[in-house]
Amino acid sequence: MSADTTDTDSPPAPRAGLDLHLERPAGRVRDSVMDALRDAIRSGRLPPGTRLPSSRAFAADLGIARNTVARAYSELVEEGWLTSQHGSGTTVSRRAAGAVRAEGFRVRRLPARRPDHDLRPGQPDLSSFPRGQWSRAVKQALHTVPSEAFGYADPYGRPELRLALTEYLARARGVVCRPDNIVVCCGAAEGLALLARALAGAGVASLAVESYGLPTHREALRTAGLGCPPLAVDAGGADVAALDDMREVGGVLLTPSHQFPTGVPLRSDRRAAVVDWARRTGGVIIEDDYDGEFRYDRSPVGALQGVDPERVVYMGTASKSLAPGLRLGWLVLPDRLVETVAHQKGETEATCGFVDQLAMAEFIRTGSYDKHIRAMRAQYRRRREQLVGAVGRSSPANRVTGLPAGLHVLLHLAGGNESAVAQEPAWRNLAVEGLALYRHPGADVDRDGLVVGFAAPAQSAWPAAVEALVRQLP
C-alpha cells in the first residue's frame with residue numbers, strides 16, 4: 001500500500017468492532033467491506049484521521065480471510081479513502097474530509113427501518129450480479145468505442161445495443177424487428193412514459209389496463225393525459241373481450257406472458273382476440289415483458305409482438321434479469337411509432353449512459369447474458385420450489401397460486417384478509433405486500449392475497465427468509 005504524506009497528525013486509536021452489515025456471499029465480501037467503509041467515512045462515523053484495526057484483527061472480527069481485508073484496505077488507499085504508513089497502520093485519509101463535508105449539505109432524515117428479509121416482488125438477487133463478466137464487457141466496450149460515442153446521446157440508443165437486442169430478442173422471445181425499430185430508454189418506466197406521451201400527442205384518449213398491475217404504470221398514463229380504464233383479470237388473464245365496449249380506448253397495456261401480480265398467462269384464445277381487436281380498430285397493444293425469460297416448467301412462451309409487429313409495442317428491461325440500477329430498458333416499436341417516440345427524448349433528454357449500453361451489447365454478443373439468464377433461471381426455480389414446498393408442509397390450508405415463472409408467487413392465507421395482514425409488524429418485517437396495493441381503483445374487489453417475492457435475498461440469506469415466512473403462516 002502506498003503512503004500518503006499529507007496525513008501526519010497522530011491518529012486516534014484503532015476503531016474495533018465496526019458494524020459493516022455484510023449481506024453478500026463470501027465470494028464478494030471484499031466489495032462489501034469496501035462499500036461499508038466508504039459509507040462509514042461519508043456519513044462521518046469514521047472521521048478523517050481515524051486509525052482502523054489491523055487487517056488481522058479486523059478479519060478476525062468479521063470472520064473472514066485476512067487477505068480479503070488487506071486487499072480492501074489497499075484498494076481504498078489507491079482510491080484516496082484511506083492512507084497507510086509503515087509502522088502507523090491504516091487510517092482514514094484527510095482527503096476524505098471533502099466527501100464528509102459534501103454529505104453534510106444533504107438533508108438528513110431518519111432512515112426507514114430495514115425489514116429483516118426482503119420479499120418484495122420484482123426485485124432480483126443483486127448479490128448475484130455478474131461483476132466479473134460485466135467488468136470485462138465494460139473494458140472491451142471502452143477499448144473499441146468510437147470517439148463520437150462521448151458526444152450527445154442518440155435518442156434511439158447506441159446502434160451496437162440495438163443490433164444486439166434485435167438478435168437476442170428474436171432468439172429468446174420470438175420478437176420480430178430491425179435495429180431501427182428499437183428505442184433504448186432508462187428502464188421500462190421511462191419507456192412507458194415516452195410511449196404514453198407519444199400516443200397522447202397522436203390523439204389517443206385512453207389505454208385500457210389490467211385490473212391488477214403496477215400503480216406507477218397507471219400514474220405514467222395519467223401524467224400523459226390518458227385515461228386508463230380497467231380490464232378484469234381472471235384465470236385466463238385479462239378479459240380482452242371487454243375492449244369492444246370501450247369505444248374511447250385506443251390501446252391496451254398487458255403483461256401476457258406472466259400477469260403481474262396474479263401470475264397467470266394470457267390464454268391463447270385471448271392472445272388471438274386482442275390482436276384481432278387491434279387490427280380491426282387500429283389500436284395499439286403494449287406488451288410489458290418484465291420477466292419473460294423466467295419460466296420454470298417449460299420454455300418461455302414467445303412474445304405477443306411476434307404475432308403482429310405492426311400492432312404490438314414490446315417493452316423490455318434488464319432490471320429483473322440483471323439489476324435495476326443499470327437503468328436499461330427498450331421499446332420495440334412499429335415503424336409508424338419509432339420517430340414519434342424518439343422525438344419525445346430529443347438529444348438532451350435524460351438517457352442511460354453509452355458505456356452501459358455498449359457493455360450490455362458486448363454482454364449479449366459474447367453469450368454472457370444468456371449464460372447469466374440460465375444460471376438465474378435455475379436459481380430462481382429452486383427458490384420457488386423451496387418456497388412452495390415449505391408453505392405446503394407448514395400449513396396445507398394456505399395456497400400458492402400463479403404460473404411457475406417470474407420472481408414472485410401469490411400466497412392465499414387460510415381464512416385471512418391478506419392485504420390487511422401484510423400491514424402487521426411481523427409481516428412488514430418480511431417486506432411482503434398485499435394484493436390490494438396493485439388493484440386498480442376502479443376495479444372490483446374480487447380476490448386477495450400476499451404478493452411474495454423470492455428473488456431479492458442473497459443466496460446465503462434465502463433459507464432464513466423462507467423460515468421466517470413460514471413462521472408467520474396461520
For this session: Say whether Thr216 and Glu219, considering side chains only, have a donor N or O and an acceptor N or O under 3.5 Å apart.
Result: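 Absent: no donor and acceptor within the cut-off.
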Problem set entry | Between Asp448 and Ser419, a side-chain donor and acceptor under 3.5 Å |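 Side-chain D/A pair, Asp448 to Ser419: present.
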Problem set entry | Mutual orientation of the aromatic rings belonging to His408 and His258 [parallel < 30°, tilted 30-60°, perpendicular > 60°] |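 The rings of His408 and His258 sit tilted, inter-plane angle from 30° to 60°.
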Problem set entry | side chain to side chain contact (heavy atoms under 4.5 Å, CB included) between Met315 and Glu287, worked out | CA-CA 6 Å; Met315 188 164 67; Glu287 177 180 16; over 6 Å; no
For this session: Please indicate whether Arg428 has more than 12 foreign heavy atoms, meaning atoms of other residues, nucleotides or ligands, lying under 6.0 Å from its CZ.
Result: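 Counting neighbours around CZ of Arg428, 12 or fewer heavy atoms of other residues, nucleotides or ligands fall under 6.0 Å, so no.
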Exercise. Picking from Leu358, Thr144, Ile364, what satisfies side-chain contact (heavy atoms from CB on, under 4.5 Å) with Glu160?
Worked result: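 Answer after filtering Leu358, Thr144, Ile364: Leu358.
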Exercise. Among Leu52, Thr91, Leu46, which one satisfies side-chain contact (heavy atoms from CB on, under 4.5 Å) with Leu82?
Worked result: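 Passing option: Leu52.
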Reported [atom1]-to-[atom2] distance for the pair [X] and [Y], which is rounded to 0.5 angstrom:
| X | Y | atom1 | atom2 | value |
| --- | --- | --- | --- | --- |
| Cys185 | Leu194 | SG | CG | 6.5 Å |
| Tyr380 | Leu387 | OH | CG | 14.5 Å |
| Met34 | Leu76 | CE | CG | 4.5 Å |
| Leu37 | Arg45 | CG | CZ | 9.0 Å |

Problem set entry | Test of ring centre spacing under 6.0 Å for His217 and His440 |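 Ring centres of His440 and His217 not closer than 6.0 Å.
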Determine, for [X] against [Y], whether the closest basic-nitrogen to carboxylate-oxygen distance falls under 4.0 angstrom.
| X | Y | answer |
| --- | --- | --- |
| Arg382 | Glu385 | no |
| Arg30 | Glu75 | yes |
| Arg383 | Asp125 | yes |

Problem set entry | Test ring-ring contact (aromatic ring centres under 6.0 Å, His included) applied to Tyr438 and Tyr212, step by step | CA-CA 5 Å; Tyr438 302 100; Tyr212 291 90; 8.8 Å; no
For this session: Check step by step if salt bridge (charged side-chain N to carboxylate O under 4.0 Å, His left out) holds for Asp370 and Arg171.
Result: CA-CA 10 Å; Asp370 292 81; Arg171 180 180 72 252; 2.7 Å; yes
